[in-house]
Amino acid sequence: MLYGTIPGVDKKFSRFILGTMEFNNFDNEATYFAKLDQALELGINAIDTAQGYGRGVCEFVIGKWLKERGCREDVVITTKGCHPSFRDRVTPYDIGHDLLDSLYKLNTDYIDVYYLHRDDVKVPVSVIIDALNEHYQKGEIKSIGVANWTYDRIKEANEYAEANGLIGITIAEEHYSIAEQLADPFRRGSGTISGPKWADARKYFVDKKIPIASYSTLSGGFITGRITRDLVATNPDAIVEGTRLAYCHEVNFQRLDRTAELAKEKGVSIAQIGLAYAMSSDMDVYPIIGALNKEEMLSSIAALDLKLTKAECDWIDLTSDVRP
């Protein structure tokens with residue numbers, strides 16, 4: 001396993017982050033525990049969750065695992081709060097409520113990286129940064145992150161923080177993939193920095209050295225090859241709606257064709273090329289992987305040995321027609 005560093009987090013941070021969104025049933029606790037054990041055994045020490053995953057089940061399961069294994073100091077916990085429900089919830093009250101709820105469920109007195117799950121542009125960044133810094137000063141948050149925010153709001157927030165001697169946003173959780181997101185897969189606001197439209201965002205994250213925790217790096221399974229043009233044409237209902245709407249477009253199939261060609265040439269899987277593409281970016285990228293078992297974790301980890309050139313990435317991304 002390779003490791004990086006995240007500002008504010010005094011632990012090594014595994015290059016892959018284990019996603020746990022499917023932890024939604026207490027009856028499957030043993031399965032979830034086994035998956036967490038396997039990840040840690042393989043060196044994946046960063047675990048991503050959210051206050052709302054599984055209606056709270058996810059954090060409870062992880063908290064119980066942390067307590068039973070006694071491994072809190074060996075693990076980087078990243079969680080998210082303030083997801084909208086029947087109202088927008090990015091307020092100082094909701095930040096405090098959701099953070100304290102997560103601390104309780106996770107059996108911990110601090111969160112390594114605390115993300116706001118969504119943005120609410122009606123709320124001034126000053127209000128948000130001030131509220132998060134209150135919890136930072138208490139030691140409840142080690143590093144401040146945001147998920148699904150646009151880079152211009154992050155820029156505004158960090159300029160305010162710097163001008164006022166406060167801690168700003170040190171990591172962003174965004175969709176980054178070979179596949180360009182051409183519709184919102186969640187219908188509630190999705191942050192993406194993939195494709196030509198978001199080149200300025202990627203440059204900003206490079207220039208400011210803000211790490212990216214990339215979710216849906218394989219774009220809902222699109223960057224595996226299991227979704228084909230024929231499947232879209234003949235049996236679209238077999239594809240998860242969000243994946244179909246966001247990624248199943250001809251421009252992405254052209255990217256997938258090139259990815260498959262390069263994968264065959266290198267003797268690796270399409271998914272491994274997809275992960276290597278993200279980590280070959282000029283950005284500091286940490287993919288969140290939703291591996292179903294140890295074999296899939298090992299397959300993902302093998303992608304760490306793949307180094308794609310800029311020419312290969314540009315060709316895959318259709319920004320160049322020169323075959324490397």
Side-chain angles (χ1 to χ4, degrees), residues 1-81 95-115 117 132 135-145 147 167 170-171 173 211 213 215 286-301 304:
M1 178 53 58
L2 297 179
Y3 298 89
T5 57
I6 303 298
V9 179
D10 60 356
K11 306 171 188 176
K12 62 183 182 180
F13 199 110
S14 56
R15 185 56 60 177
F16 286 119
I17 304 169
L18 182 69
T20 60
M21 189 166 59
E22 82 278 11
F23 290 14
N24 57 15
N25 188 332
F26 286 121
D27 292 339
N28 295 333
E29 181 181 284
T31 300
Y32 303 149
F33 273 33
K35 183 173 179 179
L36 292 164
D37 289 339
Q38 289 164 355
L40 197 55
E41 174 189 330
L42 294 173
I44 302 174
N45 73 323
I47 299 171
D48 182 74
T49 182
Q51 191 251 3
Y53 285 175
R55 298 182 180 273
V57 171
C58 189
E59 286 187 330
F60 268 123
V61 168
I62 294 170
K64 185 176 180 182
W65 176 78
L66 289 171
K67 184 176 181 179
E68 290 193 5
R69 298 298 189 263
C71 62
R72 178 65 185 94
E73 294 310 308
D74 300 321
V75 175
V76 176
I77 294 294
T78 76
T79 193
K80 299 177 283 291
I95 290 171
H97 173 277
D98 287 8
L99 173 59
L100 292 176
D101 186 59
S102 290
L103 290 170
Y104 172 77
K105 289 186 294 187
L106 289 165
N107 275 311
T108 187
D109 57 5
Y110 72 95
I111 304 297
D112 295 286
V113 178
Y114 190 71
Y115 296 99
H117 211 152
L132 288 167
H135 296 286
Y136 172 81
Q137 292 296 333
K138 294 177 183 177
E140 295 167 342
I141 297 171
K142 299 299 182 181
S143 183
I144 294 172
I167 300 299
T170 55
I171 183 170
E173 188 172 309
Y215 70 81
Y286 296 76
I288 300 170
I289 58 171
L292 296 177
N293 50 49
K294 186 174 182 178
E295 288 69 31
E296 289 192 5
M297 290 184 206
L298 287 168
S299 177
S300 295
I301 291 170
L304 292 172

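With sequence neighbours excluded, the residues that form a side chain to side chain donor-acceptor pair (under 3.5 Å) with R72 are T108, D112. Under the ring-ring contact (aromatic ring centres under 6.0 Å, His included) criterion, Y286 pairs with F13, sequence neighbours left out. Scanning for side chain to side chain contact (heavy atoms under 4.5 Å, CB included) contacts around E22 gives K35, with sequence neighbours left out. Residues passing the side chain to side chain contact (heavy atoms under 4.5 Å, CB included) test with N25, sequence neighbours excluded: D27, N28, Y32. The side chain to side chain contact (heavy atoms under 4.5 Å, CB included) test applied to D109 returns no partner, not counting sequence neighbours. For the salt bridge (charged side-chain N to carboxylate O under 4.0 Å, His left out) test, residues two or more places apart in sequence or in another chain that qualify with K105 are E59, D101. Evaluation of the side chain to side chain donor-acceptor pair (under 3.5 Å) rule for E73 yields Y110 as partners, not counting sequence neighbours. Partners of D48 by salt bridge (charged side-chain N to carboxylate O under 4.0 Å, His left out), not counting sequence neighbours, listed by chain and number: K80. Remark: I167 pairs with N133, Y136, I144 by the side chain to side chain contact (heavy atoms under 4.5 Å, CB included) rule, at least two apart or across chains. Contacts of K138 classified as salt bridge (charged side-chain N to carboxylate O under 4.0 Å, His left out), with partners at least two apart in sequence or in another chain: none. With sequence neighbours excluded, the residues forming a salt bridge (charged side-chain N to carboxylate O under 4.0 Å, His left out) with E41 are K294, listed by chain and number. Remark: Y115 engages no residue in a ring-ring contact (aromatic ring centres under 6.0 Å, His included) (not counting sequence neighbours).
In this structure, F26 places its CZ atom where more than 12 heavy-atom neighbours from other residues, nucleotides or ligands lie under 6.0 Å away. Counting heavy atoms of neighbouring residues, nucleotides and ligands inside a 6.0 Å radius, atom NZ of K11 exceeds 12 of them.
Here the CD1-NZ distance, from I111 to K142, works out to 11.0 Å after rounding to the nearest 0.5 Å. Atom CD1 of residue I6 and atom OG of residue S143 lie 7.0 Å apart, to the nearest 0.5 angstrom. Once rounded to the nearest 0.5 Å, the distance linking NZ of K64 with CD1 of I62 reads 14.0 Å. In this structure, the separation between CD1 on I77 and CD1 on I47 is 4.5 Å, given to the nearest 0.5 Å. Here the CG-CG distance, from L99 to L132, works out to 8.5 Å after rounding to the nearest 0.5 Å. To the nearest 0.5 Å, atom CZ of residue R15 and atom CG of residue N45 are 12.0 Å apart.
Taking all atoms of both residues into account, the shortest heavy-atom contact from G43 to S14 is O-CB, 3.5 Å. Pairing each heavy atom of V61 with each of F33, the nearest pair is O-CE1, 3.5 Å. For the residue pair N107 and G63, the shortest heavy atom distance occurs at ND2-O, 3.0 Å. Taking all atoms of both residues into account, the shortest heavy-atom contact from E296 to A291 is OE1-CA, 3.5 Å. Scanning all heavy atoms of the two residues, the minimum distance from Q38 to N293 falls at OE1-C, 4.2 Å. Taking every heavy atom of both residues into account, N24 and V57 meet most closely at C-CG1, 3.7 Å.
No side-chain heavy atom of V113 sits less than 4.5 Å from a side-chain heavy atom of E173. Side-chain contact check for Y215 versus I289: every heavy-atom pair is 4.5 Å or farther apart. Contact of the F60 side chain with the F23 side chain is not registered, since no non-hydrogen atoms from C-beta on lie closer than 4.5 Å. I17 is not listed as a side-chain neighbour of P287, based on a closest heavy-atom distance of 4.5 Å or more.
Side-chain contact, T49 with T79: no donor N or O sits under 3.5 Å from an acceptor N or O.
Within the 3.5 Å criterion, the main-chain N or O of E295 finds no donor-acceptor partner in the side chain of S299.
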